[in-house]
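Taking it in order: structure first as structure tokens, then the write-up.
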Amino acid sequence: MIVWLNGTHGAGKTTTSALLQPMLPDARALDAEKVGEVLMDITPGLPATDNFQHWEPWRPLVVETARRVLEFTGGTLVMPMTVLVESYWREISDGLTKHGIPIRHFVLHADQATLRERIQNDKVLGPSTFRFAYLEPYADAARTWLHNEAEVIDTTDITPGQAAQQIAASVLGR
């Protein structure tokens with residue numbers, strides 16, 4: 001099974017996934033961003049883009065990486081990754097489903113003011129123009145398709161640990 005944590009920057013995906021992984025039996029974390037980093041390291045570089053998700057190989061490589069890891073280890077993969085383009089999500093989710101891999105899709109949501117504050121005051125990454133740039137596309141995706149495709153966990157007023165507990169309870173049927 002895949003437990004996909006979606007949502008924009010500042011919603012708590014990375015922190016929540018690290019806390020969630022030990023709550024689920026036989027679970028591992030796989031950050032699909034690492035697949036993008038592999039593509040970014042190709043030399044000479046691939047065609048210029050502002051987001052590696054736009055490179056056609058990224059999406060099938062995410063599917064194939066997850067499939068191969070699950071084939072090798074079994075269990076559950078917790079995958080924190082923002083995907084805001086509906087066709088990209090469909091390509092990934094359809095690819096996983098085609099291989100018989102069940103997906104539990106969660107969106108970690110917070111209101112815009114909270115997201116801005118978290119990004120501005122991030123002690124690890126610091127404020128980031130790149131991260132701020134995804135707030136409006138997230139809001140558009142949330143309004144048009146994303147929240148209909150997932151279980152939404154509002155992280156505005158809860159800790160990452162509480163979000164992880166909610167997700168674990170949902171996945172484990174508690």
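In what follows, residues are counted from 1 in the order of the sequence shown. What you are looking at is a predicted structure, and each value in this text was computed from that prediction instead of being measured.
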* To do: Applying ring pair (Phe, Tyr, Trp, His ring centres under 6.0 Å), name anything that partners Y134, two or more places apart in sequence or on another chain.
  => H9, F130
* Asked: For H54, what residues pass the ring pair (Phe, Tyr, Trp, His ring centres under 6.0 Å) criterion, not counting sequence neighbours?
  -> Y88
* Not counting sequence neighbours, list each pair that qualifies as a ring pair (Phe, Tyr, Trp, His ring centres under 6.0 Å) and has a residue in residues 106-127. => H109-Y138, H109-H147
* Asked: Does any pair with a residue in residues 8-17 pass salt bridge (Lys or Arg N to Asp or Glu O under 4.0 Å), and if so which ones, sequence neighbours excluded?
  -> none
* To do: Apply side chain to side chain contact (heavy atoms under 4.5 Å, CB included) to L19 and list each qualifying residue two or more places apart in sequence or on a separate chain.
  => T15, P160, A164
* Do side-chain atoms of W58 reach the backbone of A32 as a donor and acceptor pair under 3.5 angstrom? -> yes
* Not counting sequence neighbours, list each pair that qualifies as a ring pair (Phe, Tyr, Trp, His ring centres under 6.0 Å) and has a residue in residues 10-36. => none
* For P137, all residues meeting side chain to side chain contact (heavy atoms under 4.5 Å, CB included), sequence neighbours excluded -> L84
* So I101 and R67, side-chain contact (heavy atoms from CB on, under 4.5 Å) or not? Walk me through it. -> CA-CA 8 Å; I101 301 168; R67 180 182 80 82; 4.0 Å; yes
* **R118 (side chain) donor-acceptor with G10 (main chain) under 3.5 angstrom** => yes
* **Qualifying residues under side chain to side chain donor-acceptor pair (under 3.5 Å), relative to R131, sequence neighbours excluded** => D122
* Taking the side chain from T114 and the backbone from A110, do they hold a donor-acceptor pair closer than 3.5 Å? -> no
* For the pair R143 and D140, find out whether any cationic side-chain nitrogen is under 4.0 Å from an anionic carboxylate oxygen. => yes
* Examine distances only and state if a side-chain atom of E149 and a backbone atom of L146 form a donor-acceptor pair shorter than 3.5 Å. => no
* Asked: For T82, does its backbone N or O pair with a side-chain atom of E33 as donor and acceptor, under 3.5 Å?
  -> no
* Between T65 (side chain) and V62 (backbone), is there a donor-acceptor pair under 3.5 Å? -> no
* Asked: Do S87 and R59 have side-chain N/O donor and acceptor atoms under 3.5 Å apart?
  -> no
* Asked: For S170, which residues count as a side chain to side chain donor-acceptor pair (under 3.5 Å) partner, sequence neighbours excluded?
  -> R104, E151
* To do: Would you mind listing every side chain to side chain donor-acceptor pair (under 3.5 Å) that reaches into residues 93-102, with sequence neighbours excluded?
  => none
* Asked: Residues in side chain to side chain donor-acceptor pair (under 3.5 Å) with E37, at least two apart?
  -> none
* Check: N51/T49 side-chain N/O donor and acceptor closer than 3.5 Å -> no
* Give a yes or no on this: more than 12 heavy atoms of other residues, nucleotides or ligands lie within 6.0 Å of atom CG of D50. => yes
* **E117 CD to D111 CG distance, which is reported to the nearest 0.5 Å** => 10.0 Å
* Quick one: side chain to side chain donor-acceptor pair (under 3.5 Å) partners of D26, sequence neighbours excluded? -> none
